[in-house]
Amino acid sequence: MQRKQGNTTTWIPESFQKSAKNIAEDAVKKFVKDNQVIGLGSGPMAAAIVIEIGKLPSDTKKTLKCIASSTQIKQEALAGNLRIVDQNLIPETDIVFDGADQLDSGLNMVKGGGCALLKEKVLHSGAKKIVITAESFKYVKSIDRSVPIEVHPFALYILQKELQSEHGGKTELRLLDEGYPYVTENGNFILDTLFSSIPDVRKKESELKNIPGVIETGLFTKHANLYYKANHDGSFESIES
């Protein structure tokens with residue numbers, strides 16, 4: 001699914017385009033009601049739901065208040081004439097729609113591929129209900145991909161050393177195509193960190209957050225209320241936690 005609005009492009013693998021659309025239609029029908037405060041996560045699968053919300057009648061959309069986790073998802077929302085409000089309403093968030101980069105058998109997630117992990121985790125913390133959508137190949141037995149860690153630039157070098165020596169992580173500073181460090185919307189850097197294994201995801205999340213200079217980690221252990229699994233044949237499954 002490709003959709004361009006100005007500089008914004010939403011991309012979903014071709015084999016999952018139909019299931020993404022079907023999930024978006026199902027999610028909006030089941031969960032979006034008048035007068036809600038809606039948190040908008042980032043990434044292609046979340047954007048598909050935002051696009052579907054944008055198709056609702058104007059009378060319904062006028063009652064919705066949306067909080068965006070990134071500039072990319074904000075542009076999708078504005079293109080659908082959705083009303084964006086500020087973070088003061090986060091404690092009143094009725095539902096968050098979000099995606100995931102990987103989910104293990106315990107439904108712990110890795111997020112942050114789009115660098116919006118800090119705002120996404122804040123949205124999750126204040127939401128009454130969370131709905132996650134991901135392609136089937138992202139559901140795995142145990143986490144085996146790098147974990148994005150948002151770090152303060154002042155702590156970059158000591159964190160690289162500590163993550164490697166004390167936590168067995170192999171770190172890689174996320175860079176732009178030009179070779180400069182990628183700077184998040186919060187003014188921080190991203191260390192993509194690969195661990196040989198993570199036996200206890202919740203413990204690892206806590207350990208990493210306790211390191212001075214770590215702003216947020218891409219390990220999300222708070223369970224969602226519903227997970228959609230998109231299949232390549234256009235079908236989807238839903239998992240309640």
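Side chains included, hydrogens not; waters and symmetry mates left out as well; all remaining heavy atoms used. All figures in this text were calculated on a predicted structure; none of them were measured in a lab.
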Exercise for the section: Determine, for Phe31 and Lys129, whether the Lys NZ or Arg CZ falls below 6.0 Å from the six-membered ring centre while staying within 45 degrees of the axis. Expected result: no
Handout entry: same_hphob_cluster(Val147, Leu117) at 4.5 Å side-chain heavy-atom cutoff
Key = no
Exercise for the section: Verify, without hydrogens or angle tests, whether Lys121 (side chain) and Thr217 (backbone) share a donor-acceptor contact under 3.5 angstrom. Expected result: yes
Exercise for the section: Decide if the gap between the ring center of Phe220 and the ring center of His124 is smaller than 6.0 angstrom. Expected result: yes
Problem - Exercise: do Glu240 and Asn225 side chains pair donor with acceptor under 3.5 Å - result: no
Handout entry: Residue pair Glu120 / Gly41: nearest heavy atoms and the distance that separates them
Key = OE2-C, 4.2 Å
Practice task
Count the heavy atoms of every other residue, nucleotide or ligand shown that sit under 6.0 Å from NZ of Lys229, and state whether that count exceeds 12.
Solution key: yes
Handout entry: Asp104 (side chain) donor-acceptor with Val140 (main chain) under 3.5 angstrom
Key = no
Problem - Any donor-acceptor pair under 3.5 Å from Thr60 side chain to Leu56 backbone - result: no
Problem - Hphob cluster co-occupancy, Ile215 + Ile190, side-chain heavy atoms under 4.5 angstrom - result: no
Problem - Selection residues 135-163 - residue pairs positive for ring-ring contact (aromatic ring centres under 6.0 Å, His included), sequence neighbours left out - result: Phe16-Phe137
Exercise for the section: Please determine which of Leu156, Ile149, Thr184 meets the side chain to side chain contact (heavy atoms under 4.5 Å, CB included) test together with Phe189. Expected result: Leu156
Fill in the blank from the handout: Smallest heavy-atom separation, Asn35 atom then Leu64 atom, equals N-CD2, 4.2 Å
Problem - Donor-acceptor contact present, side-chain Arg174 to main-chain Val183, <3.5 Å - result: no
